[in-house]
Amino acid sequence: MAEYSAYQRGAGQTFYPQHAQPNLHSRNLPNRVRSPTTSGRIPFNNDTPSPSRSPGPQSPQTYGMYNQGHGHQAHNVMMNNGTTSHQRYAMQMNLGKPFQHNQNHQHHGHAHQQHQDHAGGTHNNQYNHQHTISSGGMANAQPHFQPSHLQNGTPGSVHSGLNKPPNEHWAEQLHLAQTAREMTQSHSHARNHPSVNKNVVAGTTNGTQKESDKEDRNRPVAPRAEDAKENHIWTILDFGGQNLKVITNSLFQYTFLTKLYLNCNKLAFLPPTVGRLRNLTHLDASLNELRYLPPEIGMLVNLKQLLLFDNHLDTLPYELGSLFQLEVLGIEGNPIPDELKSIIVESGTTELIKHFRENAQGPDAPPERDWIVLDEVQDSSQEIVSALSYNILCDKYCTQSQYGYTPSGALSWEHRRETILAELRERNADIVCLQEIDQDSFNDFFRASLAHNDYKGVFWPKSRARTMADKEAKLVDGCAIFYKHAKYILLDKQLVDFANTAINRPDMKGEHDIFNRVMPRDDIGVLAFLENRATGSRMIVGNVHVFWNPAFTDVKLVQVAILMEAISKFANKWAKFPACTDKVVYRFTNGDGEDGKEPDPVQAPAPSMEYSDGTQIPLLLCGDFNSLPDSGIYDLIVQGVIPNTHEAFGNRKYGNFTRDGISHPFSLKSSYSAVGELAFTNYTPSFVGTLDYIWYSTNTLQVLGLLGDIDKQYLERVPGFPNYHFPSDHVALYAQYLVKSRKEKKVTETDFGQGRDRRS
């Protein structure tokens, strides 16, 4: 049984746990960790400068990124297939074609005399300078750096005391270190890129290629890091060999970068803003003067190669544990402690990253999410209802391959379910809607645990559970609705099976798209019809988990259309429900409460309210809709109608939906629309966006308050959820509502005019 006192908060205390600092080899897990939370979203800057144009006032050149004594101000960009509008850079770097011999310079030595004399002058911003480098590479080129640049006592031997590499991991490390020490000329990576050097084979990697992880979690996926190449003319930047001492923060506005080369400079540190470049797959900061790495380096979860050869690093941040895709961590030539170096020497980069991940302390607990007050209650006798919606991340989906940036302890179901339970108890909502809760967890954990907090629940698994044996069916996730038993009585409950409903509709029989696209999906919705014991008001609560795949916008729309039809049908039925006569809460026969104390006084039940039609019944619709605020689903729910030509349908055929359009009779609004929706409800390295909503009927309910965003400063060092503070990749939505008073029909007398007897 959970120890509830661990979660009690006093004034000014945070809802989240504080982690003790682990030692180097072991992590002391807290006995209890709590769940989430605030703040404004980080604004997206549409004015990010483009290096394809002349430097503006925010340009890196304006901030003096380049050493004033160095004349390679035109040597600052490496582009993918740079042409036409980027002639300034193409002319200088010859990126439009491989490097060629200049006919005016027949000898390599003469051609590079300009570089040898570079310390005494500059190129004076002339763009007719031609590199004449042989197709064999850079071996004969005069380096900008002398051998004395090799640091940390490693100029003599790249093996650093190891006469023979003990294994392939370390052999690769030493090979890459030697290569880095030879690439000291300015823009060495640009010169050796396949677009300018035919002897370099495109698509090769220095690291060991991992087998791609199986995508077993059904959620939307944002554009991958490599997709940035399709959206930008250039995504690679080479500042190698520029004698830089400082990097301006303007550089880190280029969040589309996939490769960044800062090697062979004089950088003493990398700024924390490097964490913004979350599309980076390669970062080379070798042969600098770095003494530490910022913790924000852990935000670069797409990194596959991080080269730090020949710096002054005597420690590494544990945030490197988030870099689960890292194939090569180049640390040779740094005074790294033996206990860390031995891991990478013996077992390679993957094991060192795992060591950091499993032993990391993690970020400090975030402050509690802000409570946003939208309206005040004027009359204490008015009825208030609160609702919480939460996709809790089913245990079978929560794997290390799916969430490689998360420590195994934070992924364990034992930890996560206790953290989820703690938040549910802390919020203490009247209505709780959970998605991705499996039958086993509902029956054996949440139903029993929440019963201590006066909750009763309704649950259905996804439709595929019907075809399985009991053992397998218990692991199928579904949707659950919990409600406060002392406050509400359950009058009815209904399952909405989207696939089964679709294939049995007369207007959809024979439609191939129904059988090929809708029927294979086993998503469901759950409805509950409740009555307030004290006030007699009734309420419809819906909970749904819509299909995840962003390529199936038509299926999502059909599922929600079927859901709204079902709510409308049952609402009209429930409007005619007879009055509830047995609404007294169960009492012990001796008059005592469960713990032997006097029970709280209970308000005498009021008679059941009557409703003229289904739209007059208060409605709360919660769920993971797997759709952004600009989606067809959002439009349908808010506007109440979408045409049959809506782009979400494409050219598909779905019976009356694509012949007549879709509509519903309710007046619905997103609870968070007053604040422009949350910054996100799903937070992972590959996707950050709003997918979850609580819709409410505006004619019967009024929003009083909302649980706000998660602290943005906390997120600057958290690449994704789940973690120890947030047990799911989704966050909980929580809101309070005022049940609007019903306007009583007043009996009016007809005015017959003066001199006439109304009783005649």
Side-chain angles (χ1 to χ4, degrees), residues 2-4 6-10 12-22 27-42 275 295-296 298-299 301 317-319 321-322 324 356-371 388-393 395 397-398 400 402-427 434 436 678-685 687-688 692 707-734:
E3 188 174 309
Y4 311 138
Y7 299 96
Q8 300 302 315
R9 265 190 308 133
Q13 293 179 338
T14 179
F15 174 59
Y16 305 96
Q18 303 291 336
H19 295 287
Q21 174 69 47
R27 174 168 40 84
N28 298 321
L29 293 179
N31 292 330
R32 184 83 69 227
V33 191
R34 291 152 218 163
S35 182
T37 107
T38 154
S39 294
R41 66 194 70 189
I42 300 174
E296 289 77 7
M299 298 293 288
V301 292
Y318 274 79
E319 284 77 5
S322 298
F324 66 102
F356 284 137
R357 181 174 64 248
E358 296 301 322
N359 293 280
Q361 179 184 7
D364 294 335
E368 172 64 295
R369 294 165 65 180
D370 285 342
W371 180 250
L388 181 146
S389 182
Y390 199 178
N391 181 326
I392 64 173
L393 178 54
D395 182 38
Y397 299 143
C398 192
Q400 195 71 62
Q402 188 70 36
Y403 302 96
Y405 49 89
T406 304
S408 58
L411 294 178
S412 71
W413 179 234
E414 290 72 19
H415 161 77
R416 293 198 309 111
R417 70 182 187 181
E418 291 291 343
T419 310
I420 294 166
L421 179 63
E423 178 161 16
L424 299 182
R425 286 172 168 164
E426 173 74 12
R427 306 300 180 203
L434 303 181
E436 281 198 29
L678 288 174
F680 61 82
T681 63
N682 183 229
Y683 185 71
T684 68
F687 182 85
V688 178
D692 307 78
L707 187 63
D709 280 316
I710 295 168
D711 180 53
K712 62 181 180 180
Q713 187 173 359
Y714 169 83
L715 295 172
E716 290 178 356
R717 290 174 58 181
V718 176
F721 298 155
N723 64 9
Y724 281 112
H725 303 131
F726 294 84
S728 172
D729 55 351
H730 289 251
V731 299
L733 284 70
Y734 176 67

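For Glu716 against Glu296, the heavy-atom pair with the smallest separation is O-CG, 3.9 Å. Taking both residues in full, the closest heavy atoms of Glu423 and Ala732 are given as OE2-CB, 3.8 Å, listed atom of the first, atom of the second, then distance. When every heavy atom of Phe680 is checked against every heavy atom of Val731, the shortest pair comes out as O-CG2, 3.9 Å. In plain terms, the two heavy atoms of Pro295 and Glu319 that are nearest each other are O-CB, 3.2 Å. The shortest heavy-atom contact between His415 and Tyr724 is NE2-O, 3.6 Å. In terms of heavy atoms, Ser322 sits closest to Val301 at O-CG1, 3.5 Å.
You'll find the side chain of Val718 reaches within 4.5 Å of the side chain of Tyr683, heavy atoms only. Side-chain contact between Pro722 and Leu411 is present, with at least one heavy-atom pair separated by less than 4.5 Å. At a threshold of 4.5 Å between non-hydrogen side-chain atoms, the residues Asp729 and Tyr397 do not count as touching. When side chains are defined from C-beta on, Tyr405 does not count as touching Asn723, because their heavy atoms never get closer than 4.5 Å.
The main-chain N or O of Ser408 is found under 3.5 Å from a side-chain atom of Glu358 such that the two form a donor-acceptor pair. In terms of modelled atom types and a separation under 3.5 Å, the side chain of Thr419 and the main chain of Pro727 share no donor-acceptor contact. Between the side chain of Gln713 and the backbone N or O of Pro366 there is no donor-acceptor pair closer than 3.5 Å.
With sequence neighbours excluded, no residue forms a side-chain hydrogen bond (donor to acceptor under 3.5 Å, both in side chains) with Arg417. For the side chain to side chain contact (heavy atoms under 4.5 Å, CB included) test, residues two or more places apart in sequence or in another chain that qualify with Asp395 are Trp413, Arg416.
Remark: Leu678 CG to Leu707 CG distance equals 8.0 Å, nearest 0.5 Å. Between Ser389 atom OG and Leu733 atom CG the span is 6.0 Å, to the nearest 0.5 Å. Here the straight-line distance linking atom NE2 of His730 with atom OG1 of Thr681 works out to 6.5 Å at 0.5 Å rounding. One distance of note links CG of Asn391 with CG of Asn682; it measures 8.0 Å at 0.5 Å rounding. Summarising the geometry, atom OG1 belonging to Thr406 is positioned 8.5 Å from atom CZ belonging to Phe324; distances are rounded to the nearest 0.5 Å. With rounding to the nearest 0.5 angstrom, the CG atom of Asp711 is 8.5 Å from the CG atom of Asp370.
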Please determine whether side-chain contact (heavy atoms from CB on, under 4.5 Å) holds for the pair Leu393 and Phe721, giving the CA-CA distance in whole Å, both sets of side-chain angles, and the decisive distance to 0.1 Å.
CA-CA 10 Å; Leu393 178 54; Phe721 298 155; over 6 Å; no
Checking Glu368 against Arg427 for the salt bridge (charged side-chain N to carboxylate O under 4.0 Å, His left out) test, could you report, in this order, the C-alpha distance in whole Å, the side-chain angles of both residues, the deciding distance, and whether it holds?
CA-CA 12 Å; Glu368 172 64 295; Arg427 306 300 180 203; 3.0 Å; yes
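Between Phe356 and Tyr318, the ring planes lie perpendicular to each other; the angle is over 60°, past the 30° to 60° tilted range.
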